[in-house]
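Written out below as structure tokens is the structure these notes cover.
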There are 2 protein chains.
Amino acid sequence: MKNHEECKSHIPPIKDVLDLIGSKWKVDIIIALSCDIHRFNELERQIEGISPRMLSKELKDLELNRLIQRDEISPFSNTFKYSLTEHGWSLREVFRAMLTWGIDYRNKVMVKTN
Amino acid sequence: MKNHEECKSHIPPIKDVLDLIGSKWKVDIIIALSCDIHRFNELERQIEGISPRMLSKELKDLELNRLIQRDEISPFSNTFKYSLTEHGWSLREVFRAMLTWGIDYRNKVMVKTN
DNA sequence: CGGGATCCATCGAGATACTG
DNA sequence: CAGTATCTCGATGGATCCCG
């Protein structure tokens, strides 16, 4: 067992991850992007329940934090594609860990708070 | 690349994890518990800024979801210890993935939203 | 020691309508 | 097509005081 100072040093990077992907639609968006859905309207259709306002906001957050990038498909076309950056892709290992744990948890426990 | 239905099936278990550990103090509490801090007042002192109200609430959530357990230290002592259950401990692999990614992210990017 | 009860400010997020 | 602009409201969480 470690001393508490060392333990505490683990907290900020972990909270960074939660800040980056913890808001309501970030996981949906990242997974959709990883699944070859790239356009705003595609995302809006595929992510059930999201409003354009929230989609726009979440995309901006993700772009600001360099998890995704936004590129014009062809010059002056006014159509854009969103895609994961390398940082975004590297999140998959975190997702994999959460997925594995989450499935196991669902099988064994499943007492939801909400 | 997979079809989107398969992708989507990954979302709920991942969101479960975020629901379980995403609120403000959960990570702090779980890490403190994993670091041999077990008593209510110890937790309150070590987790800087938490109020007894929030500590109490978060502990109850975690207990309800079977990530921690609460045991009386000796009968009728009115002193309790909180500790991680097996499920709680198994979260460490998720934390490890987040920690690794988070440290890497801090080194390379660090544009915080807030 | 280990909490509970109340009150209150903030903020995340939904609904709806509109725009270049 | 790819977003903005308002308005609204419930949940989250802080502050403070109290209790057995």
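Proteins come first, then strands; the chains are lettered A, B, ... in the order of their sequence lines, and each starts at number 1.
- Here C:dG2 presents its P atom at 9 Å from CZ of B:Arg70, a figure rounded to the nearest Å.
- One can place CG of A:Asp19 at 11 Å from P of C:dG12, the figure rounded to the nearest angstrom.
- A distance-only check finds no donor-acceptor pair linking the side chain of A:His38 to the backbone of A:Lys81 [under 3.5 Å].
- Linking ILVMFWY side-chain heavy atoms closer than 4.5 Å, directly or via other members, places A:Phe40 and A:Phe80 in two distinct hydrophobic clusters.
- Rounded to a whole Å, the CG atom of B:Asp61 is 12 Å from the C1' atom of D:dT12.
- As a whole-Å value, the separation of B:Ile73 CD1 from C:dG3 C1' is 15 Å.
- Taking the six-membered ring for Trp and thresholds of 30 and 60 degrees, B:His87 and A:Tyr105 have ring planes more than 60 degrees apart, a perpendicular arrangement.
- Contact of the A:Lys26 side chain with the A:Asp61 side chain is registered, since non-hydrogen atoms from C-beta on lie closer than 4.5 Å.
- Side-chain atoms of A:Glu72 and A:Thr79 form no donor-acceptor pair, as typed in the model, at a separation below 3.5 Å.
- Computed from coordinates, the B:Glu63 CD to C:dG3 C1' distance equals 13 Å when rounded to whole Å.
- With rounding to the nearest 0.5 Å, the separation of NZ in A:Lys15 from CD1 in B:Ile21 is 11.0 Å.
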Could you list all N or O pairs between the protein and nucleotides 13-15 of chain C that sit under 3.5 Å apart?
{"residue": "C:dA13", "atom": "OP1", "partner": "A:Lys24", "partner atom": "N", "Å": "3.3"}
{"residue": "C:dA13", "atom": "N7", "partner": "A:Arg53", "partner atom": "NH2", "Å": "2.8"}
{"residue": "C:dG14", "atom": "OP1", "partner": "A:Lys24", "partner atom": "NZ", "Å": "2.3"}
{"residue": "C:dG14", "atom": "OP2", "partner": "A:Trp25", "partner atom": "NE1", "Å": "3.2"}
{"residue": "C:dG14", "atom": "O6", "partner": "A:Arg53", "partner atom": "NE", "Å": "3.3"}
{"residue": "C:dG14", "atom": "O6", "partner": "A:Arg53", "partner atom": "NH2", "Å": "3.3"}
{"residue": "C:dA15", "atom": "N6", "partner": "A:Arg53", "partner atom": "NE", "Å": "3.3"}

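- B:Thr85 contributes a side-chain N or O that, together with a main-chain N or O of B:Leu67, makes up a donor-acceptor pair within less than 3.5 Å.
- Spacing between atom CZ of B:Phe76 and atom C1' of D:dG20 amounts to 17 Å, rounded to whole angstrom units.
- Between the side chains of A:Ser34 and A:Arg92, a donor-acceptor pair is found at a separation under 3.5 Å.
- Note: NZ (B:Lys60) to C1' (C:dA5) measures 11 Å, nearest angstrom.
- For D:dC1, the OP1/OP2 oxygens have a side-chain nitrogen or oxygen of A:Asn41 closer than 4.0 Å.
- Between the axis at the start and the axis at the end of the helix from C:dC1-D:dG20 to C:dG20-D:dC1 there is an angle of 50°, using five pairs per end and rounding to 10 degrees.
- For B:Glu93, the CD atom counts as loosely surrounded, since its 6.0 Å shell holds 12 or fewer non-hydrogen atoms of other residues, nucleotides or ligands.
- Counting to the nearest Å, the P atom of C:dG2 and the CD1 atom of B:Ile68 are 14 Å from each other.
- You'll find that the side chain of A:Thr79 is closest to D:dC1, out of C:dG2, D:dG3, D:dC1.
- For B:Tyr82 and C:dG3, the shortest distance from a side-chain N or O to OP1 or OP2 is below 4.0 Å.
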